[in-house]
Structures are given as C-alpha cells and as structure tokens.
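Read through the structure below, which is laid out as structure tokens, and then see the notes.
As the structure is a computational prediction, the values presented were derived from the model and not from experiment. Throughout, protein chains are lettered first and strands after them, A, B, ... in sequence-line order, and every chain is numbered starting at 1.
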Number of protein chains: 2
Amino acid sequence: MISNAKSDAPAAQSDLQQLADALTPAPDGGLRERKKRARREALIDATHRLVEEHGLDAVTVEAICAEAGVSTRTFFNYFETKDDAVLGHVPWPLDTEAAVAFAAGGPSGHLLSDLETLVGSFLQDPPVGRERFNRAFEIAAREPRLLARHLAWFEQHKGQIVALVEQRLGEEPERSPLVVAALALFLTHATFMHWDESGGAGDGGDHLAFVVAELRALVTD
Amino acid sequence: MISNAKSDAPAAQSDLQQLADALTPAPDGGLRERKKRARREALIDATHRLVEEHGLDAVTVEAICAEAGVSTRTFFNYFETKDDAVLGHVPWPLDTEAAVAFAAGGPSGHLLSDLETLVGSFLQDPPVGRERFNRAFEIAAREPRLLARHLAWFEQHKGQIVALVEQRLGEEPERSPLVVAALALFLTHATFMHWDESGGAGDGGDHLAFVVAELRALVTD
DNA sequence: TAGAATGTTACACGGACTGCAACTTTGCAC
DNA sequence: GTGCAAAGTTGCAGTCCGTGTAACATTCTA
C-alpha cells in the first residue's frame, strides 16, 4: 500500500505522499541531519571544555551556549538537562548487531557470558564516538552527580533491556528478565567504577572481564 | 583531658565546658530532638499526601510547606531536594548492629550470604518507619525520577559501604570492595524492582531471597 | 535567669527548564 | 529556480528549585 504510493493517481497523491515521506527516514547524508549531529557534538565539546576548566557547578547553560554559538533554548532542544550534555546522552539505538545477536540467544548461549558480550560491545562502540565518551567518563569520575545521572539514564532504558531479555528467554523464561536487566546495570556500573579506580587506564573490556570474574568468585564462594 | 573538664579551674572552665558539651550528643528525649523528628515526619507525610493526590510534578515545594505549616526555607534545612522528601532520605546511620556484624565477618562467614543479611536488615528496619517507607516505595514505583534519585542516594553512600567491606576483608582483600559495594546496590535495586513487579505485596526479605537465588542460578548457569 | 547554641523565617537572588509564537532554513515537487 | 511544507532556531516571559544572609525565636544549660 504505502510502498507504491508514488504511482497513485494525482488526486489522492498529496496525502499519501506525505505519509510515505513521513515514514521514510531522511537519508543519513541530508544537510539537516549533518547539521544536527554537528551542533550536538559542538555542544558536547563546548560543555566538556568549560567543565574541565571551571567545574560542573560553575558552568551555566548560558555559558555553554555562548561558547557553542547557540541560543539556550536550542540547547534544551538537544538535551533534557545540563548533565546530559556532559555525558553525551543521546537517544539509544538498540538495534545494533550485538543486541540482535543477544536477543537471538547468542553468541555463546550462556546468559551471563552473553550479557558480558553485550555490555562490552556497548563499551567498545559508544553512540557518541570514543574520544567524547572517554572525556565524559573522566569528568563523571570527578563529579558524583554525573554518576548518579548516568545510572538514571540507564534506568530509563530498563524497559528496552527487559524487552531484549524477554525476547531471548521466550515465552516461559526460567530467569527473571527484570533481574537480568538489573544485572546488566550492575556490570556496567561496576565496570565504570573499577575503571575509574585504576585511573582510567586500559581497555573497558578488561575491566568488565575483571568484574565478571569477581562476581563469579563471589557467588561460588 | 576532655573527660574531666568539669573539674577544671573556673578560669578555664568556659571553653573546655563548651567543648565537652559539644561532644556530648543531646539525649534522645530532648525537646529539640523531638520537635525536629516531628517536623521531618510532618514534611514527609505532607509530601506523600500531596504527591499521592496530584502527582510529583504538579506539587511544588511551596505547597508542601503550606500543608505542613513551615517556611520553604525550613524545608531545605531538612531535605536537599524535593525528591528526598518523598523518599524520606535521611542521614544514614551506618553503625547498626547488622553493619557491625557484617564488618566483623559475620554472621555466616560467606560474603554473599552476609551481604544478603545486611541488605535485608536495612529493608526490615528502615530509618524512617515502616509505613512511611512503604508509602515512599509505592510512589517511587510510579515515578521513574524517584527510582533514579534513590540510586543516586545509594551511590552517595558508596564510600561508607566500601569502608564496611574493607573492614571485613582486612588488609589484603581477595575480593574488590568496590565490586562488593556495587553488588549491594544491585541487590537493593533488583529487590525493589521485583517487589514492585509483584504489586508491592509480600515481605522485602522474600523478594531479596528471590533475587539472590536468581543471581546464583545466573552465575552457575 | 542570662547567655550560648540551635532553629526558623523572610527576602533577594541565580539558574535550570518550559511553552509559545515569530522567524529562518532545508527538503522536495514541479 | 520557484513555491510550499516540514523541521529547526530564537527571544521572551514565566515557573520553580535551591542558596546565602541576617534578623528573630526557641531550647538548653550553668
């Protein structure tokens, strides 16, 4: 129906055409999309620069916007809160390769191991670019408020994670999807803390592996 | 020195006396202490009443204060944020019997089991009274923001938990105190979520036991 | 009962965040 | 390229949260 809307009679064209357009996401290379991404990154960078220099509480949204050459109103079109700009929080696309593989029951078939893989893939390939991610991480380690906001952000996506787990476990799950989702939060959080404790050195995957090993040791006593 | 300050010569009395007084916590039954507690509980109750009726975002601090008969400035002498009043967040006394027992290596000697005991004791005997705790919990289940704030509050006490774990594990810990602290957060959080999922019914300890059982099953596969 | 300690209050203020109504820019069809 | 619709930006007015300060009130204690 919608897919051949373009070949409809001119009389009915307008409405159907609009609908079809609305359902067709703009191509990634559109000027609009590129400008949007550029602005978001400019805002994140400006925030990082200022916070790095003056500290989180001394930096106002107004100052960030002046630095980035944008009105404060626009700032809040991009980020829900000031803290989100520091953390580079961004709508989370959950249809990555890793997520699909996890939902399908892979890659190893062991729930905990695959959860580790899933979290690891997120740490390896964050949605805002590695450098920005690392800088956000360094700042967050110094500002307790941001750690909390990060947890809150994760909590917001609980529903999506639960859905992923439910999909994997099927109709009659032996494990509680909620607990698995909470475990994913634990893995992420503990990894961040351990990473921080070691001075931000090394690879995220290594710290994650450490946390999982600790968890196994703790449980099996 | 300080313990016999009262028998000092009159000339030096004033200063030392003041110091001694400052170090002697007021008896629990002082009028001041009772009023303070009463006010805090009145504020929490007023907040609960209004939020229950109008929802978190529609309730202003001003309204809460009018309801409780207190100035808004005083409100912020009791709670850091509006959300804290809903949750009944309160300075956390960590020198409970259970905490001391945990730090000493008890009661069972198994780290995970004892962590369960510790978290359980907190759930059984919250610092604001059972009814208020339950009401806060019901509201939090409906308002995502509060769940996040609750995580943030827990995060604030990470240091204290880590200290407790370090005390238990001694000089050369085989386990990472940070990871254990994160695990405590996980247990608390997952318990809350599972409690909520079951409609708020039952005992907190039962839900906690469920979560621990799930965790064991997940890890041992 | 006086004086120290503690708590409450009004007031003024900074800053986060929102709704709205112009205005500008981009995408698209012809 | 012209015109029109969709999307994005901006200024502005306004709400509310949270803080510093200094005067005032209450409680405690010697």
Side-chain angles (χ1 to χ4, degrees), chain A residues 5-6 8 10 13-40 42-43 47 50 54 56-66 68-86 145 149, chain B residues 5-8 10 12-40 42-43 47 50 54 56-66 68-86 145 149:
Chain A
K6 291 188 178 186
D8 277 14
Q13 179 205 4
S14 172
D15 280 10
L16 284 177
Q17 191 53 262
Q18 284 176 34
L19 181 56
D21 290 350
L23 293 179
T24 306
D28 192 68
L31 178 54
R32 228 167 229 169
E33 296 304 313
R34 268 182 292 134
K35 270 198 171 178
K36 211 163 155 182
R37 225 199 314 276
R39 261 223 226 270
R40 174 151 48 218
L43 280 169
T47 307
L50 291 176
H54 303 106
L56 181 58
D57 290 330
V59 174
T60 68
V61 172
E62 210 174 352
I64 295 169
C65 294
V70 157
S71 83
T72 65
R73 194 58 188 79
T74 295
F75 179 95
F76 288 107
N77 288 339
Y78 281 88
F79 303 101
E80 279 187 24
T81 68
K82 187 174 80 171
D83 296 353
D84 282 352
V86 182
R145 253 179 58 201
R149 177 81 195 169
Chain B
K6 291 189 179 186
S7 58
D8 276 14
Q13 180 206 358
S14 171
D15 279 8
L16 285 176
Q17 190 54 261
Q18 284 176 33
L19 181 56
D21 290 349
L23 292 179
T24 307
D28 191 67
L31 178 53
R32 231 168 226 169
E33 296 302 313
R34 270 180 292 132
K35 272 197 171 182
K36 210 164 157 180
R37 224 198 316 277
R39 246 189 195 166
R40 174 150 48 217
L43 280 170
T47 307
L50 292 176
H54 302 106
L56 180 59
D57 290 330
V59 174
T60 69
V61 172
E62 208 175 352
I64 295 169
C65 295
V70 157
S71 82
T72 65
R73 192 59 186 80
T74 295
F75 178 95
F76 289 108
N77 288 341
Y78 281 88
F79 303 101
E80 279 187 22
T81 67
K82 188 174 77 170
D83 297 354
D84 282 352
V86 182
R145 252 180 57 200
R149 178 80 193 169

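For the segment residues 71-80 of chain B, residues with any heavy atom less than 4.0 angstrom from an atom of DNA chain C are, sorted by number, B:Ser71, B:Arg73, B:Thr74, B:Asn77, B:Tyr78.
The side chain to side chain donor-acceptor pair (under 3.5 Å) test applied to B:Thr74 returns B:Ser71, not counting sequence neighbours. In this structure B:Arg32 satisfies the salt bridge (charged side-chain N to carboxylate O under 4.0 Å, His left out) test with no other residue, sequence neighbours excluded. Residues passing the ring pair (Phe, Tyr, Trp, His ring centres under 6.0 Å) test with A:Phe76, sequence neighbours excluded: none. Legend: residues meeting side chain to side chain contact (heavy atoms under 4.5 Å, CB included) with A:Arg39, ordered by chain and number and at least two apart, are A:Val70, A:Tyr78. In this structure, the side chain to side chain contact (heavy atoms under 4.5 Å, CB included) partners of A:Ala63, at least two apart in sequence or on a different chain, are A:Leu50, A:Thr60.
Taking atom CZ of A:Arg40 as the reference point, atom C1' of D:dG8 lies 13 Å away to the nearest angstrom. Per the geometry, CZ belonging to B:Arg39 stands 18 Å off P belonging to C:dT6, to the nearest Å. Note: CZ (A:Arg32) to P (C:dT25) measures 12 Å, nearest angstrom. Put simply, CG on A:Asp84 is 14 Å from P on C:dA16, counting in whole angstrom units. A straight line from CZ of B:Arg145 to C1' of D:dC17 spans 10 Å, rounded to a whole angstrom. Put simply, CG on B:Asp83 is 18 Å from P on C:dA16, counting in whole angstrom units. The CZ atom of A:Arg34 sits 18 Å away from the P atom of D:dA7 (whole-angstrom rounding). In this structure, the CD atom of B:Glu62 is 8 Å from the P atom of D:dC17, given to the nearest Å.
Distances shorter than 4.0 Å separate some side-chain N or O of B:Lys35 from OP1 or OP2 on D:dT27. Distances shorter than 4.0 Å separate none of the side-chain N or O atoms of B:Lys82 from OP1 or OP2 on D:dC16.
Where the helix from C:dT1-D:dA30 to C:dC30-D:dG1 starts and where it ends, the local axes point in directions that differ by 20°; five pairs per end, rounded to 10°.
Using a 4.5 Å heavy-atom threshold, the side chains of B:Thr47 and B:Lys82 count as separate. By the 4.5 Å heavy-atom criterion applied to side chains, A:Asp57 and A:Arg145 are counted as neighbours. The closest side-chain heavy-atom distance from A:Glu62 to A:Phe75 is not below 4.5 Å.
Of the listed nucleotides (D:dA6, D:dC28, D:dT10), D:dT10 has the atom at the smallest distance from the side chain of A:Val70. Listed candidates were C:dG7, D:dT9, D:dC17. Nearest to the side chain of B:Thr60 is D:dC17.
Note: B:Ile64 CD1 to B:Thr72 OG1 = 11.0 Å, rounded to the nearest 0.5 Å.
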